[in-house]
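Note sheet for the following structure.
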There are 2 protein chains.
Amino acid sequence: MTAASTPKGERRRQALVEAAAQLLAEGGFEAIRHRAVAERAALPLASTTYYFNSLDELISAAVEHAAQAELEAGRRRLAELTEEHHNADSMIELMLDLLLGTRSRDGGLDQVLLRYERLVGSPRRPYLAPLMRELSARLHDLLTEILAHFGVDIGRQHLLELIMLVDGAVVNALIESDPDPRATARRVLHSRLG
Amino acid sequence: MTAASTPKGERRRQALVEAAAQLLAEGGFEAIRHRAVAERAALPLASTTYYFNSLDELISAAVEHAAQAELEAGRRRLAELTEEHHNADSMIELMLDLLLGTRSRDGGLDQVLLRYERLVGSPRRPYLAPLMRELSARLHDLLTEILAHFGVDIGRQHLLELIMLVDGAVVNALIESDPDPRATARRVLHSRLG
DNA sequence: CCTTTATTGGTACGGTCGTCCCAATAAGTG
DNA sequence: CACTTATTGGGACGACCGTACCAATAAAGG
């Protein structure tokens, strides 16, 4: 069964999803294993197969959970913006937070790496494709809203170009000897929006 | 031991590297397993640990072998260029072949996917970092030579921007419902060079 | 209360994995 | 030739993996 019909069951199922999302953030798709998830959630191994028909289903739930949380955090950031920070710099930093993750601020690489592994690893997991497209569309919407909020009126095509530039900057920064993808991406955004 | 001291031994070692490179091209890093490599090379399992101290060493050798072959093929292509094909279109197609692989011509996705998995997966394999940087530098050299051969004088910074654009176009095309990363990348190059 | 359904958790199966061991054999060398 | 080193190939070990089974227990519904 893939659904719980009892409050406690629902709580356990959710605990598994959150544990899987944590593992995803820490070690990528490959870190989501039945045993690892169960241990992280302090539940028995078989609970993972009881609430999810397969590992893929669990991975999907984890990806969706993680992405929803990221989008919500972004919306909260947008809502909390005060007038005093209405400059291009803070807009760009907010965009970078959404595209690369907030942990990239202090030079951390792991979160950036995970995001691009997720991106590139998705075609190998066909069951993720519709979900990824949906989440990608929502992210684009949010970015458009953010730009609009800062008075930047941007067309869909121009936004996609911006995202392409950032992504290209990141994947190329990843193999440098002292990688700082956020700095590279920031330079790109400044040259286009700054 | 990591080296062979006998002609036959050297041949076997090379057979393992080629088998590993084949598997890498077919299924990515994860496809390089002791047993798979040995079977592909029609050699016993233990030969893989006899000639390579670890799986990482075998993976490194496979990556280097594959990349060298790609670079050599690119150089051959450059040398074989005749005057009749001296137009921007054929230059761009050659660049796309080098950046995305020749199998992307007919819309094939797997080779493109493999290349970007290799790119994004490299930071997780620190032993690959120096090798990847070396190979990346050689690819940049080759691309510069190609552009120069077509009369395009391009600075290092401008070349890097071009590559960034292509890579960004590709990773974003990968999650589309009917992905054609080569077409997207081609559009980008035409808008900059065409 | 009792029956039916949902959940629990311990365990087992069959598989793949990296790595190691070791006797048998080939190759190289004096 | 003998002796030393390189190589071969078969097998085994312990660790993980996804998944399935099943008796015991808790919850829900009449």
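We name chains A, B, ... by the order of the sequence lines, and we start the count at 1 in each one.
- Distance, B:I32 CD1 to C:dG18 C1': 14 Å, rounded to whole Å.
- Atom CD in B:E10 sits roughly 15 Å away from atom C1' in C:dA27 (whole-Å rounding).
- Checking the phosphate oxygens (OP1, OP2) of D:dT8, a side-chain nitrogen or oxygen of B:R12 falls inside 4.0 Å.
- Set against D:dG18, D:dC21, C:dT8, the side chain of A:R33 has D:dG18 as its closest nucleotide.
- At whole-Å resolution of the value, CG in A:L58 and C1' in D:dC17 are 14 Å apart.
- Side-chain contact, B:N87 with B:S90: a donor N or O sits under 3.5 Å from an acceptor N or O.
- Between A:R35 and D:dA15, a side-chain N or O to OP1/OP2 separation shorter than 4.0 Å is absent.
- In this structure, A:R118 forms no cation-pi arrangement with A:F29, as its terminal cationic atom is not both closer than 6.0 Å to the ring centre and no more than 45° off the ring axis.
- One can place CG of B:L55 at 12 Å from P of C:dC20, the figure rounded to the nearest angstrom.
- Across all strands shown, A:L45 has heavy atoms under 4.0 Å from base atoms, whether or not it also approaches the sugar-phosphate.
- Within the 4.0 Å cut-off from OP1 or OP2 of D:dT7, not a single side-chain nitrogen or oxygen of B:K8 is found.
- Remark: P of C:dC17 and CD of B:E39 are 10 Å apart, rounded to the nearest angstrom.
- Across the protein-nucleic acid pair, A:R13 atom CZ and C:dA6 atom P stand 15 Å apart, rounded to whole Å.
- Computed from coordinates, the B:Y50 OH to C:dA24 C1' distance equals 14 Å when rounded to whole Å.
- When the side-chain nitrogen and oxygen atoms of A:T6 are compared with OP1 and OP2 of D:dA28, one or more of them lie within a distance under 4.0 Å.
- Phosphate proximity of C:dT19 to B:H34: present, with a side-chain N or O under 4.0 Å from OP1 or OP2.
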> Where do A:D97 and A:R105 land on the salt bridge (Lys or Arg N to Asp or Glu O under 4.0 Å) test, with the steps shown first?
Replying inline: CA-CA 8 Å; A:D97 281 351; A:R105 280 185 213 152; 2.8 Å; yes

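- Following rounding to the nearest Å, B:F29 (CZ) and C:dC17 (C1') show an atom-to-atom distance of 19 Å.
- In terms of position on DNA chain C, the residue among B:S54 and B:P7 whose nearest nucleotide sits closer to the 5' end is B:S54.
- Among D:dT7, C:dG18, D:dG10, the nucleotide with an atom closest to any side-chain atom of B:Y51 is D:dT7.
- Side-chain atoms of A:R125 and A:M132, non-hydrogen and from C-beta on, never get closer than 4.5 Å to each other.
- Judged by distance alone, the side chain of B:Q111 and the main-chain N or O of B:R103 form a donor-acceptor pair under 3.5 Å.
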